[in-house]
Every structure is written in structure tokens, then in C-alpha cells.
2 protein chains.
Amino acid sequence: MADRTGVLEAAQRALNTDPAASMTAVAEAAGISRATVHRHFDSREALLVELGTRSLDQWEQRLDDVGVEALAAAPDAVAIRAALETLVLGYVDDSDGFGFALTDHVILASAALERRTQVLADREAVLFAAAQSVGVLRTDLPVRFFGHAIYGLLVAAREAVRVGDVARRDAGRLVLSSLLTGIAQP
Amino acid sequence: MADRTGVLEAAQRALNTDPAASMTAVAEAAGISRATVHRHFDSREALLVELGTRSLDQWEQRLDDVGVEALAAAPDAVAIRAALETLVLGYVDDSDGFGFALTDHVILASAALERRTQVLADREAVLFAAAQSVGVLRTDLPVRFFGHAIYGLLVAAREAVRVGDVARRDAGRLVLSSLLTGIAQP
DNA sequence: CTCATGTGAGACACTGATGTCTCATTCGAA
DNA sequence: TTCGAATGAGACATCAGTGTCTCACATGAG
């Protein structure tokens, strides 16, 4: 557990439990000394930024996997709808590990991460716009809002699972279903 | 601005800008000295808990205004649907001021506040259950999830407004509309 | 075996924030 | 005007966390 990745995983666990976890807490979670943690990461902020970067890496990977640009280039309603579902379910999975990053103020305050977040949000928005153009997503909502709505429901699901109102395995279905068709009886 | 309420309002402003705002920052925001802030609130935690309490007061007030229990006692689809809309729009308004409390870890960590949150969530759930029984809310989603979904969309709207993707005046409509009918084109 | 590398333990200085306290000043009511 | 209460300014001790450093020890490669 003393390698860089082990520290990151331990930090993830510790921070998911307590978002204010100290370097000492991270070291304990990793089963190593605080000195060794500092040998891997100069500062707590550096550690958090790296975790934030990894969470953005996962986000980017999801966008790659789904092939956002290809879908936008040759819009097909069925394919886009399927891609949206895959994407959201993927996010729910990812948020299991990186959920704390959704609301961590240190991570959110990093200018570099915020910039990259913007870039990824832009990429995502391309898919949303295509989805609107083929009638998959509503056109009376701003493209920019879709990403935020997904983000919000991820936070919601994470909290619901945390307090025990929702089973982890149900989270994906609930997020996707309420996101796409809402909670009202049609 | 030196009275208790003035300090609370200033703290609200300061914390909405920077959730980690120190007592010094709060004092500056209130235009008074740090000593006077401490004359009103023994500790930073006490100040945060009071702010959290006030946000729960507002929540409770919204539930009172809407008459949750009366609606549940004599379920009427139209009335319940209207109540839900009023409720959610009210929450969006309230989150303007108390938005920071949605994700503040100190407030969320308070046992007393968490307990009261649970009580209010229970009250709210009564309305949701009634809404399900009269066909206003979907029955294939757990009652417990509705509250979380609203919470998540409040966080989403707050963030969307913060980064400038959504105008404040549009937030209510977007939250309500995406909550009830989803973001997919029907 | 020997040595180099990595690690743990702990000391250390530093920082930012908190909470307490004092004292002079201000302000308002009597 | 006078007196008392509230305030501002600032000193102070305390605390938790951070980041640096040293040294002893273990471990593994040669």
C-alpha cells in the first residue's frame, strides 16, 4: 500500500468517509507513515488535485468510450439515447469512488481542475446538443443545464446511498430514470 | 449590522462566497469586530449550527405553508400536484440564501441538525406518499428517493447559477420541470 | 555479507484559526 | 451631563494541521 496508487486509493477511502481527513488520517488509511505520504505528495493540496485529476480522467474516459464526437457527427436518435444511458450509468459507477470530489471545496477551488472541468463539460454539451437535435433531449431546456442536472442527481444518489435510503445497486436505475423521465407519473 | 441577525446574514453571504470563511471574514462581512461576533456566538460551530437551524426553519415553514398533513389526509391529485410545485419553487428561492448549507460539511456533521433533517424529510415523505397514491408521483421509485432528487437538483441549480450557465430567475422553472418530467423529450 | 534504498518514528518550526481577555472608546438612555 | 452597556482594537494562549528534517532500522539487490 506504500506506492503512489495505494496512497491515492487510501486517500479516496478516507476522504469519502471524512472530506476533511488530514494527512495523518490518510497515512493511517494507507497503513504507512505520514512521512511516506509526503514523499509521494508534496502537499495535501497536491494529493487532492491528483485525486481530482483522476476523477476527471474517468469522466473523460467515459466520454471517449461513448464516442461523443462520432455521435455528434452522425446523429442517430437510438444511438444517442443509448449513449446517454451508458454515460450516466458510468458516472454513477464512478461516483462510488470519487463521490467526495463532487462537493470537495479544495478540489473545486483548483483553477486547473476547473478549467479542465469546463473543457469536459463542453465536450459533453456537444452530445447534449446533438441529442436535442434528434429529439432525444428536450429543446426547451438550455444545453448547459443537462450536465448540471446529472451532477445534481449524482450528488443526490450518493447521499441517498449514504443514509441508507437507496441500495447501491439501485442507484444507477434511479438516477437514470428520474433524470430522463422525471419523478411525476406521466 | 451588529445585532445577532445582522451577523447571521453577513455570515450567510460570506459562506456562500467561501464555505471555509473564517470568523474574521464573517466579522468583516458584517462590518464589526471579531470580538463582537464572538459575543453573539461562542464558537464558529455554534454560528454554523444556528445558520443550519434557520435553513431548516425555512424548510419547515414551506411544509407548513403547503399544508402537508391536510393534503395527505384528504388526497386530491390537483391540489397535491400544485403543492409539490409550490414547495419546490419555494426551496429554490430559499436556496438562494442558504445554498451553502446544502454542502457544508460542518453543518451536515451536526447530530442535532441531522436528526431534525430526518424529521422534516419524514414529513415531506408523507406528502410524497400521498402523491404516489393519487397518481401524481411515480410508484416505481422509492418514496425516500424523491427528497434526495429535489436536494440534488437544488445543488445543481445553485452550481449552474454560480457558473453563469443559468439565470437565477430561470432556476425555479428548470428545477421543477426537469424534476417532474425529466430532461428527455417525451 | 554489504551497501543503498526506502521506511517509520518522531522532533521541530511554522501557520492559520480559534477562543479569551483587557482596556479604551463610543453611544445611548436616564 | 452622566453613567452603564456595547463595541473595537488588539494582545494572548492554544490548538490542529502542515511540511521539513533527522536518525535508526529493515530489506533486498549485488
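Naming convention: chains lettered A, B, ... in sequence-line order (proteins, then strands); numbering from 1 in each chain.
Comparing the start and finish of the helix from C:dC1-D:dG30 to C:dA30-D:dT1, five pairs each, the helix axis swings through 10°, to the nearest 10 degrees.
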Do any side-chain atoms of residues 174-184 of chain A form donor-acceptor pairs under 3.5 angstrom with protein atoms, and if so which ones, sequence neighbours left out?
unit_1	atom_1	unit_2	atom_2	d
A:S177	OG	B:R138	NH1	2.9
A:S177	OG	B:R138	NH2	2.5
A:S178	OG	A:L174	O	2.6
A:S178	OG	A:V175	O	3.3
A:T181	OG1	A:S177	O	2.9
A:T181	OG1	B:R138	NH1	2.9

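When the P atom of D:dT18 is taken as reference, atom CG of A:L47 falls 10 Å away, rounded to whole Å. Rounded to an integer number of Å, the gap from CG of A:L48 to C1' of D:dG17 is 14 Å. To the nearest angstrom, C1' of D:dA16 lies 14 Å from CD of A:E28. Atoms CG (A:D3) and P (C:dG6) sit 13 Å apart, rounded to a whole Å. For the pair A:I32 CD1 and D:dT27 P, the computed distance is 17 Å after rounding to whole Å. Put simply, CZ on A:R44 is 14 Å from C1' on C:dG16, counting in whole angstrom units. At whole-Å resolution of the value, CZ in B:R39 and C1' in C:dC21 are 10 Å apart. Atom P of nucleotide D:dG17 and atom NE2 of A:H38 are separated by 12 Å, given to the nearest angstrom.
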Practice item. Kindly determine whether B:D76 and B:R81 satisfy salt bridge (charged side-chain N to carboxylate O under 4.0 Å, His left out), including the steps that lead there. Key: CA-CA 8 Å; B:D76 168 65; B:R81 167 80 185 210; over 6 Å; no
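The ring-ring contact (aromatic ring centres under 6.0 Å, His included) check on A:F128 picks up A:F146, with sequence neighbours excluded. In this structure A:D57 satisfies the salt bridge (charged side-chain N to carboxylate O under 4.0 Å, His left out) test together with A:R116, sequence neighbours excluded. Under the rule for a side-chain hydrogen bond (donor to acceptor under 3.5 Å, both in side chains), B:D93 has no partner lying at least two apart in sequence or in another chain. Remark: A:D96 engages A:R168 in a salt bridge (charged side-chain N to carboxylate O under 4.0 Å, His left out) (not counting sequence neighbours). Residues meeting the salt bridge (charged side-chain N to carboxylate O under 4.0 Å, His left out) test with A:R39, sequence neighbours left out: none. By the side-chain hydrogen bond (donor to acceptor under 3.5 Å, both in side chains) test, A:R123 pairs with A:D64, A:E69, sequence neighbours left out.
Summarising the geometry of A:I107 relative to A:A101, their closest heavy-atom pair is CD1-CB, 3.9 Å, with the distance given to 0.1 Å.
A heavy atom lying under 4.0 Å from DNA chain C marks the following residues of residues 17-26 of chain B, by number: B:S22, B:M23. Residues of residues 100-110 of chain B that place a heavy atom closer than 4.0 Å to DNA chain D do not occur.
Listed by first and then second residue, the side chain to side chain donor-acceptor pair (under 3.5 Å) pairs involving residues 103-114 of chain A amount to none (not counting sequence neighbours). The side chain to side chain donor-acceptor pair (under 3.5 Å) pairs that include a residue from residues 15-29 of chain A are A:N16-A:R158, where partners are two or more places apart or lie in different chains.
Within the structure, every side-chain polar atom (N or O) of A:S33 is placed at least 4.0 Å from both OP1 and OP2 of C:dT7.
The side chain of B:S43 has C:dG19 as its nearest neighbour among C:dT22, C:dG10, C:dG19.
Remark: the B:R34 side chain and the C:dG19 base include a donor-acceptor N/O pair separated by less than 3.5 Å.
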